[in-house]
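Please read the structure below before turning to the comments.
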Amino acid sequence: MGQGRADLAIKNVFVFYGGSVLKGCICISDGLIAYVGKEANAPKADAVIRAKGLLALPGPIDVHVHLRDEGQAYKEDFFTGTSSAVAGGITTVLDMPNTVPPVDSGRRLLERARKARKAIVANVGFYSLFPPDLEGLVELARAGAVGIKVYFHQPKTKLNISDPEKLREAVLAANELGLPVAFHAEDPLLIEASSARAEGGPVEAFVSSHPPEAEVSAVMTLSNLLRGLKVHICHISTPEGLREAKKAGFTVEATPHHLFLTSDAHARLGPLALMDPPLRPEGAVRDLREALYSGLLDVVASDHAPHSLEEKMGPNPPPGIPGLETMLPLLLNEVAERRLPLAELVRLLCAGPADIFGLDRGRLELGGPADLVLVDLKAKTRIRATDFKSKAKYSPFDGLEVRGLPVITVVNGSLAFREGEVVAEPGLGSVIRPLRAGGRAEA
Ligand code: NCD
Ligand code: ZN
Ligand code: ZN
Ligand code: ZN
């Protein structure tokens, strides 16, 4: 950085800064925010973006993303997954560990991070499963894991977490090292019992074997066992589950599909609207959306879970849909329609995720990393899944008209996405790690 000279200036922009919207200029130097304020006082810059009519927000963090790659690169890879992120205005994603091979040790996490580093155009942090024995947690924390993920309905770890005592011991040990524990909360016994009764085609059978009670029951179990611990509940789909989780002091995430789609979509769209947990009847969805509007949720995350179209249309469709390119437009639409305050969108997508996972991202502040999204709150667009940068080019939101669109995405001070195209070189994104006591932010 030259004396008083910036690398990039974003001029004539509205900025959500310090809790309110101001008009002026953002300057970036060496990947960091160097100036926010009136244009007249801004430093000179080597490059300029004129952002008339656009609104700059802190770069959103999607805490629930399956980037796949490695043994599942045909579904998504590090480049296409993070391209999908920046095209959706998301600058940081947290990657889930149900990969092939799975992530369940510090060594495995570092290996996956090393492969990702060269390819990513958004920042990426990595979850791990519980390691085969608890000693492994120290190595995982040192490797920079952002948290531990537990699939309560189908344990994928060799650690015996079906034993409640063991599970509590494991969560305490993880928390002790600063690691939050995120749960896919569905009761395996209720899934099993409902599966035995399930009828119809594969979609119907899946939906009826993952009833709302399975989620509520799992959250109750976790609440009795882990009350007050640093526990995060993924993709909540029931108002009862949400209420119990909040009573236990857990943080709670909801996806746009559970907020904006009802179980009607299962009949209408079949496997293209099949995900776990499945969509819920209108009453539950309305209550969940009410919770969003009244500030009861901690995070909105996409659960971007891409599968190939062949798999989705085959005899055994796997649950999961891409979500990185629809989440911010859908929430901007809520802001544009004045149902959700802008400050709430920023809390749910930026500051909230950063606080829960201890990341030095998600805030637009002087000296902080220059991760930004410039949005147009007036633009009306139709969601077009065939235009997705993800390898999964389908969506239950395909064809929906929304008001509010990410136009430019800046990652680490450089343009990553602009007017429909990913312009970043692979490697622009950083592998990130949480700020734990004494820790550094970059891997
Ligand atoms: C996820 C996947 O495909 O990895 N699928 C899904 O429907 N959400 C698994 C998960 O998050 O439970
Ligand atoms: Zn410089
Ligand atoms: Zn899940
Ligand atoms: Zn998931």
Side-chain angles (χ1 to χ4, degrees), residues 1-18 21-61 79 82-93 117-124 324-325 328 332 346 349-350 360-379 381 389 404-432 441-442:
M1 177 165 72
Q3 187 65 19
R5 199 172 170 91
D7 298 331
L8 175 68
I10 303 170
K11 293 191 171 176
N12 206 2
V13 69
F14 292 100
V15 195
F16 186 79
Y17 187 63
V21 174
L22 61 86
K23 193 174 178 206
C25 176
I26 303 170
C27 295
I28 294 168
S29 280
D30 302 326
L32 306 176
I33 305 282
Y35 176 88
V36 181
K38 286 198 171 34
E39 202 139 330
N41 307 328
K44 295 252 178 305
D46 297 334
V48 172
I49 295 175
R50 293 184 199 283
K52 189 169 192 307
L54 299 184
L55 167 66
L57 304 175
I61 301 167
F79 178 72
T82 54
S83 291
S84 180
V86 296
I90 310 297
T91 56
T92 296
V93 304
R117 184 171 281 121
K118 303 180 285 265
I120 53 182
V121 296
N123 305 308
V124 181
L324 278 165
E325 288 166 79
L328 185 58
L332 287 173
V346 171
L349 292 184
C350 312
D360 74 335
R361 306 266 162 178
R363 289 199 161 77
L364 205 169
E365 58 193 10
L366 292 181
D371 290 344
L372 299 171
V373 60
L374 304 188
V375 305
D376 184 343
L377 270 175
K378 300 220 169 74
T381 47
K389 308 299 178 194
L405 183 74
V407 180
I408 292 177
T409 310
V410 176
V411 174
N412 295 322
S414 296
L415 282 178
F417 172 81
R418 179 174 206 169
E419 284 149 28
E421 290 311 318
V422 174
V423 293
E425 290 299 325
L428 173 62
S430 302
V431 170
I432 58 160
E442 299 277 298

Minimal heavy-atom distance between K11 and C25, with the atoms involved, is CG-SG, 4.1 Å

Would you check if V375 and L405 make a side-chain contact, meaning some heavy-atom pair closer than 4.5 Å?
no

Between E365 and Y17, what is the shortest heavy-atom contact and its length?
CA-CE1, 4.3 Å

Starting from the C-alpha separation in whole Å, work towards a yes-or-no answer on side-chain contact (heavy atoms from CB on, under 4.5 Å) for T92 and D371.
CA-CA 8 Å; T92 296; D371 290 344; 4.0 Å; yes

So, the side chain of N123 versus the backbone of G429: is there a donor-acceptor pair under 3.5 Å, distance only?
no

So, for P406 and F417, which heavy atoms are closest and what is the spacing to 0.1 Å?
O-CE2, 3.9 Å

Is the shortest distance from a Lys or Arg side-chain nitrogen in K389 or E421 to a carboxylate oxygen in the other one below 4.0 Å?
yes

Can I get a per-line list of side-chain donor-acceptor pairs under 3.5 Å for residues 82-91, giving both atom names and the distance, sequence neighbours left out?
residue, atom, partner, partner atom, Å
T82, OG1, F78, O, 2.6
T82, OG1, F79, O, 3.3
T82, OG1, V121, N, 3.0
S83, OG, F79, O, 2.8
S84, OG, E325, OE2, 2.5
T91, OG1, P60, O, 3.4

Would a 4.5 Å heavy-atom cut-off, applied to side chains only, mark P426 and I120 as touching?
no

For L8, what residues pass the side chain to side chain contact (heavy atoms under 4.5 Å, CB included) criterion, not counting sequence neighbours?
I28, A47, I49

Scan I10, L366, V13 and name whichever one has a side-chain contact (heavy atoms from CB on, under 4.5 Å) with V36.
L366

Can you find a pair of side-chain heavy atoms, one from I432 and one from R361, that are under 4.5 Å apart?
yes

Minimal non-hydrogen separation, L428 against A416, with atom names
CD2-CB, 4.0 Å

Side chain proximity check, P58 to V346, heavy atoms < 4.5 angstrom
yes

Do any N or O atoms from the side chain of D30 and from the backbone of L32 form a donor-acceptor pair under 3.5 angstrom?
no

Can you name the nearest heavy-atom pair linking P43 to G4, along with the distance?
CB-O, 2.9 Å

Taking E39 for its side chain and N12 for its backbone only, find out whether a donor-acceptor pair lies under 3.5 Å.
yes

Tell me, with the steps shown, if L372 and I33 meet side-chain contact (heavy atoms from CB on, under 4.5 Å).
CA-CA 10 Å; L372 299 171; I33 305 282; 4.2 Å; yes

Contact check, side chains of Y35 and I26, non-hydrogen atoms, under 4.5 Å
no

Just so I know, are the side chains of V373 and V410 near enough to count as touching, which here means a heavy-atom distance under 4.5 Å?
no

Does some side-chain heavy atom of T409 sit less than 4.5 Å from a side-chain heavy atom of L374?
no

I'd like to check L57 versus L364 (side-chain heavy atoms, cut-off strictly below 4.5 Å). Are they in contact?
no

